[in-house]
Structure formats: C-alpha cells, structure tokens
Amino acid sequence: MAKEKLKVAFYWAASCGGCEIAVLDINEKILDVIQIADIVFWPVAVDVKYKDVENMPDKYIDVCFFNGGIRNSEQEHMAKLLRKKSKLLIAYGACAHLGGVPGLANVADKKEIFEKVYKTTFSTDNPSYATPKASLHVKEGEVDIPEFYDTVLPLDKVVDVDYYVPGCPPAVERTTFALDAIAKGELPTKGSVLAPVKSVCDECPRKKENKKIAKIYRTYEKAPEPERCLLEQGIICMGPATRGGCGGARCLKADMPCTGCGGPCPNAPEQGAAMISALASILGLEEEKEKYSDEDVEKLMSQVKDPIGTFYMYALAASILGRRVMKK
Amino acid sequence: MKKVMIDPITRLEGHGKVAIFLDDAGEVANAYLQIPELRGFERFCIGRKAEDMPVLTSRICGVCPVAHHFAAAKALDAAFNVEPPSAAKKLRELMYAAYFIYDHTLHFYYLGGPDFVVGPDAPPEKRNIIGVIEKVGLEVGKEVIKHRAYGQRMTEIIGGKATHPVCGLPGGMSKALNEDGRKEIEMMAESSVKFAQFTLKLFHDLVLGNSKYVDMIKSPSYTHKTYYMGLVDKNNKVNFYDGDVRVVDQSGNEFLKFAPKDYLNNVAEHVEEWTYTKMPYLKKVGWKGLVDGKDSGIYRVGPLGRLNASNGMATPLAQAEYDVMYKTLGGKPVHSTLAFHWARLIELLYATERALELSRDPEITSTDIRAKPGEPGEGVGVVEAARGTLFHHYMLDKDALIKDVNLIVATTNNYPAICMSIRDAAKGLIHGGNVDQGILNKVEMAFRAYDPCFGCATHYAVGQMPLTVEIYNSQKKLVKTLRR
C-alpha cells in the first residue's frame, strides 16, 4: 500500500507572487511532488476557496508554505487560520521571513501611505480625497475589505513558525532542499532557517585581496572589474552580512552586488548592523582610525546614501529598528 | 438583497474577491470585484537610491518582474538623460521577449487555460495545471514545463536571476552576453517557436473547434466596447519594449498617440472607496463610472488591447495568425473579452520569433552595453508588461535619491474594465437565484481572460528614517557616532 499522500498548502500575504513562481521553478520535479503530495490550497493555481480552508479539521494540512509579510487584517487572519490548520508552517521567502521589500513601508504609516497613493501621486484625480474603507455601505448592501495596518510584520511576529526558507525569491535548491527534508522526515531543529550557515561572500567566486577603500561608488558610476570583489572596488555589496544558499552568489554573476535577500548570517542576526560593521572595517576605520579626523570619518560615511534601503532592503520589519517611530 | 461571495478569486496573480448582490427575484443587482490589498511602493520608494528602483519595483510583481525592472531602467535612462548603446537595448528586448514566453505560457496552461482545456464546468479539483496534464498527456505536459522553464532560463542568462533580475542600469546593462549564453538562448528560442505554434494549434483544436466555446467567446456577457491601448513601433506594429503609446476607439480608429513622457496629459486615476486599487481613464474622455462606450474613458490594455491598438505584428508567423484572428472574429477591433486568450497566444508566437531574431543578431554579444549617465533629473519609462501598458515616473534629487514616484501598473489600467466584465458576466449567467460553482467559475473566467495581476495592482509607501550609526573598533570601543 502506498503511503498516504502529504497534504500541502501554499499561501501568499503581502508579497509579489515571485515565491509562487519559485515553486514552479522546480520544473519537472513538480511531477514528483504531486506523486507524494496533494495540493489542498493554493489560490494561484487551484480553485479552493477560504471557506474550504475554514472547514478543514485542525492540523489537516501537513505542511503550509506561507509567503509574504503581514500588512492587513485578512493576512493576519489567514496566518492564524493556516497555523491552526497546519502541522508545519514554513515562512517561505524574504517577506514572510523578514518582511521583505514591502517591509520598507515601515518608514511610513497608514495615513502617509494613503495620502501618497490616493491623493498626491501625479496621476490621481481625487479632489474629495476619498480613500478605501474597511467597511462600506453601498447601494446594494455592505461590502468590506481588510483593514490596512500601519506596520508590516514578518510572519513569526504574528504566529509560531516552524521553519524558514530564505531568499527573494528562494533559489530552486532551497525549495528542493525543503521539500526533500519534508518528504524524508529529516527536518532539523524547529525554528531553523533551511539554508547553509555560510555567507554569500563565502560562496562568491570573486577574488578578495583584503584591500581597503577610500571611496564608495554607486552601481551606475563604475563598471566593475569582472573577477574582483565588488566591495574592494568600492561598490557596496551585502555579501558579508547575508546568508548564502542562493545558488552561488547569483547577483554577483551578473556583475551586480548582493542586496541582502537571504537575510542575516546566523552569527550576526542584525543584518544592517553587521554590514555597517563590515563596511567600517573595509573603509579602514578600524585599524587606521588615528589617520582619520572626525571630518574624514563623517565624509567617508556620508557617501552611504539611503542607509535604510541599502542595509535593510529586505529586513527592516524584522530588525531591531522595526519601523520608524509612529507620530502620535 | 442576498450577497454571494467568491473569496478569494483563484488562478490569478494576487488577491481579489467578488461580492455579487442578488435582488428578491434572484437576479444580479450588482457585482463588485474588490482588491483587498495595498503595499504602498509609491511611498516607501521615496528616499531610496535611484539605481535601486529596478530591483525594488520588480518586487511589485514576481510574475512580471522583468517588466518593472525595465520600466524602471528606462525611467532612469530618461531621468539621467542617457541613451543606452544599441546592443544594450537589444539585450533588454531579448530578455523582455523571454519574459513574455514564460509569462504567456504560464497563463495559458496554468491559470486561464484550464477553463478551456479541462472545461469551465469541470470539477474544481480538475481545473488546474494537473488537470491540464491529465487531459493533454504527460508528454505535452513536460513540453509545457520545459518551455516555461526556457523562458525563465533565457532571462536568468541575461539578468542574473529570472525572478527579480539585477542587470538593468541607467544607461544600459550590467553584463554583456557571451557566445555560450547566446547559443543556449538561440537553441531555446528555436524550440519555443515550435512550442508556440503547437500551443496555437491546441487552441484551434480545443477552443475554436468547439462551438460551445465559440458561442461563449462571442456572447454579450463577455463583450465590452471600450478604447484600447498599447505601445507601437514606427510602423504601428506591436512592440513590448519601446515606442509610442497608441489608443484606438471603439471602431478601431486612432484616438491618441503620445510619447511616454506625455502620459500625464492623457491618463488619470479615479479612486473608489470599496477597493484598494485605483481606476485609470483617458483624461480627454473623462471618468463616467463603470460603463463602456465612446463617452466613457475606460480603456483596455494587455494582449487584446495591444493587438487592437496596433496595425499588426512585426514577425511573419505572428502576423499570419493575427490576420486569422480578426478574420474569424469579424474584423477590428475585437471587443470580446475571451479573445484575450487568443491574442495572448499570438503574442507568445511573436515573442518566440523575436527572441530567435535577436539571439542571431550580430550585435547581441557586443560588450558596448553601458553609456555614462548624466545629471539626475526626472524621467518616465513605459513598457508593455504581459498584462498591459506599464508607466514608471520618477523625480530624483541632486544625490540621485528618489524624490517622488508615480506608477500606473498594467493590470490597474484594466481594472475598471475587469469590474465591468465581472458584473456583466454575473448578470448574464445568474438567474432566479441559481448559483453553483460552475456558474461562479464562469464569472471568474471574465477576469481570467485579462490574466490580471492584482499583485501588481496593489503596489501602491518616505522620508528619511532617523538612523544612528555607532562605529566600534575591534576592542569594542566606540570610535564614532553618526546620526542622520
């Protein structure tokens, strides 16, 4: 007798759909997956509705891959519902793991976001400043949409998470690693990030010469030499502060820097701080501080434009910064 | 009044739900397609580094990241007043064609197609890619998987990553294509042309060969007379990557033709309180509510919008199929929403032919792919995303940080029309309070035809965050504190 098939669910919250594509990117392997698993919920691909999920017994789903952060009340509800219905809940991709790019919205609050989107964007024509309402009486009756929150939260700030699959989106090898571990029942300790403990730097083929830099270049200002470390050429690369397992420093292969989608390395959980520290040392501030006046240091560091976007592109919502202080 | 919900709508990218109101006789009084999500990109992109925009905005949509990536790169070309070298433009267009190959394949076989291939009334558990594979056979299923993967692989070769590429820079591309990569792309493009032809044949056999489906395509429940919009080249042929925006009216006559930078004179957005997504319309006509016809500024974009707004396709095989479509469906423009599916497959064929042409272009492996950007300013970038015209507009400050952003995203353009399509399909299909899952699925087919991406349509959030940087030396002694 064949073993009973695994019941698998996929769901998306505040995300872009790239994580769904990352699942499809396992290509023919999807045919093997459906031999051992039934997909019981996956809005992008199968016609199962929310009420069907509500009707499932608790712990009915064996594994739920949840991508996207929590930005509104529906997403919070679905996170809690899927937690209740699933034996294992996996935060899949950078948004569920760390808030991701949409987590950068924590630089603003609901009011400011609404003002920009529904009032001051160039093409918006809205003189009475109408804005979406969570509950609204229309001619025919009541219609409702989820409540938009001030703050984006990673999945584990809302419910208990069993495992994390990092990346924006996760590399094929991260997805297949997770699927294999589940199929074989060989999962590590609960709470683990299912990725190697190495950094992107450790996996990058570029040559490092332990050179210090005096000037920081933006990517459009300089075509880098193809074989050398970008950071040592003055281009900020998040490689030293970012967990690897992304398929061998893929962005670097296109001559562009790592922007940090794998999240922090296990030994330095505050990703932005770890990168600032790495940058300070390559800027030569650590050993040669006697050489630099305060103004020199200020000048060097002021070359870093937009530190939030640079050091926390994916991890602001999960960082100790979390969000900008709310105006009362 | 009774309310019937479809929540969530499925087999599309992103979130949505439909609220259908039935009167006492069980007839449809109204239906609302509500988009329950918003992310606020226009706000949180402010203060970011300009060159990060192609990487940030690709996160609007992981299904069409290439569209956002290059709309952003083109907006930056304009904002830095720099013209990318010819080889860089070709490389971008090649990657762009590859993106259309995987995206249109995804829609036909995984998202919209199951309704036709497996059948609109088939049990819900069969109406998906797995049901499609059961129907067409495993061998064909493997070809589908292979060619969707080819589209992704071509994109990855040029862009670093397929989902969320990193190659686009103001003034060009980060890396040249080498001969090995070119050969691999040529092989995949060649195979994709045959696959696109096969897919069209499948469409002819399964859909056009079935009178029930043809009647459905032509039925008034799925028809709207609107304006149509798309990018065209100098000969008014469809172009995905570059050109002017052309709009035709309900009779197919040119109504507008404008350069991307002039979009604000031509398009505006209306806000409704029952949904998070805005409703664009043609400024010259105005917002008249969710109605079609000449006096309503509602227009449609995407495959059918582009084909209607153009004079044809720039490649021979796609042009032949373009002629067949208009001949079969009674001339231009075609107003039937379900014809989007056919138009999409014609574009798939065009994308494969164009990818093959570009893979054989002697200039495609040139290393002259970066021009030096000028001073930062303001710029608009427009491309055709798989789902329609995509506008990115940025204002940069003197440090090349983003001062202001406006985005009108492909599916957003279609949102007013999709709302009408859902409402009218519900009105045409639901009578006497009789609602079952097959009927509700046929209501959903009205939006699926558009291949909407409500991920994209919910992009809509900066100011400088206070940040303190404390620099410690290796003895953990505080060396410096910086605040901004």
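Quick note on labels: first sequence line is chain A, next is B, and so on, each numbered from 1.
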Heavy-atom proximity to chain A below 4.5 Å, by part of [X]:
X	result
Phe391(B)	neither
Arg370(B)	side chain
Tyr102(B)	neither
Ile133(B)	side chain
Lys17(B)	side chain
Pro373(B)	side chain
Thr275(B)	backbone
Ala19(B)	side chain
Val63(B)	both
Ile9(B)	backbone
Asn441(B)	side chain
Glu444(B)	side chain
Ala176(B)	neither

So which of Leu31(A), Ile30(A), Ile34(A) actually passes side-chain contact (heavy atoms from CB on, under 4.5 Å) with Ile130(B)?
-> Ile34(A)

Knowing that exactly one of Val55(B), Val166(B), Leu169(B) qualifies, which makes a side-chain contact (heavy atoms from CB on, under 4.5 Å) with Thr219(A)?
-> Leu169(B)

Between Ser123(A) and Asn406(B), is any side-chain donor less than 3.5 angstrom from a side-chain acceptor?
-> yes

Side-chain donor-acceptor contact under 3.5 Å, Asn72(A) with Tyr276(B) = no

Please name the pair of heavy atoms, one in [X] and one in [Y], separated by the smallest distance, quoted to 0.1 Å.
X	Y	answer
Phe21(B)	Gly141(A)	CE2-CA, 3.9 Å
Lys49(B)	Thr310(A)	NZ-OG1, 2.5 Å
Pro36(B)	Ile145(A)	CA-CG2, 4.4 Å
Glu140(A)	Asn30(B)	OE2-ND2, 3.0 Å
Val44(A)	Leu111(B)	O-CD2, 3.1 Å
His164(B)	Cys16(A)	NE2-SG, 3.4 Å

Test item: [X] side-chain N/O and [Y] main-chain N/O as donor-acceptor pair under 3.5 Å:
X	Y	result
Arg59(B)	Gly100(A)	no
Ser174(B)	Asp255(A)	no
Lys278(B)	Val117(A)	yes

Where on [X] is there a heavy atom nearer than 4.5 Å to chain B: the side chain, the backbone, both, or neither?
X	answer
Tyr11(A)	side chain
Lys222(A)	backbone
Ala13(A)	backbone

Start with the C-alpha gap between His15(B) and Glu74(A), add the side-chain angles, then the distance that decides, and say whether side-chain contact (heavy atoms from CB on, under 4.5 Å) holds.
-> CA-CA 11 Å; His15(B) 304 73; Glu74(A) 177 182 271; 4.1 Å; yes

SB check [X] [Y] (cutoff 4.0 Å):
X	Y	answer
Asp52(B)	Arg218(A)	no
Asp25(A)	Arg148(B)	yes
Lys116(A)	Asp404(B)	yes
Glu273(B)	Lys133(A)	yes

Residue from Met1(B), Lys372(B), Gln34(B) scoring the most non-hydrogen pairs under 4.5 Å with chain A is Gln34(B)

Are Val101(A) and Arg39(B) close enough, and set up right, to give a side-chain contact (heavy atoms from CB on, under 4.5 Å), and what steps lead you there?
-> CA-CA 10 Å; Val101(A) 164; Arg39(B) 280 170 297 153; over 6 Å; no

Are any non-hydrogen side-chain atoms of [X] and [Y] less than 4.5 angstrom apart?
X	Y	answer
Cys251(A)	Lys161(B)	yes
Leu56(B)	Met313(A)	yes
Trp287(B)	Asp125(A)	no

Steps toward side-chain contact (heavy atoms from CB on, under 4.5 Å) verdict (Asn27(A), Gln152(B)) | CA-CA 11 Å; Asn27(A) 296 328; Gln152(B) 290 282 81; over 6 Å; no

Under the side-chain contact (heavy atoms from CB on, under 4.5 Å) criterion, do Ile308(A) and Arg48(B) qualify, and how do the steps go?
-> CA-CA 8 Å; Ile308(A) 289 294; Arg48(B) 308 283 78 82; 4.0 Å; yes

Set of side chain to side chain contact (heavy atoms under 4.5 Å, CB included) partners for Thr151(A), sequence neighbours left out = Asn106(A), Leu153(A), Arg323(A)

Could you tell me which residues satisfy side chain to side chain contact (heavy atoms under 4.5 Å, CB included) with Cys95(A), sequence neighbours excluded, listed by chain and number?
-> Pro102(A)

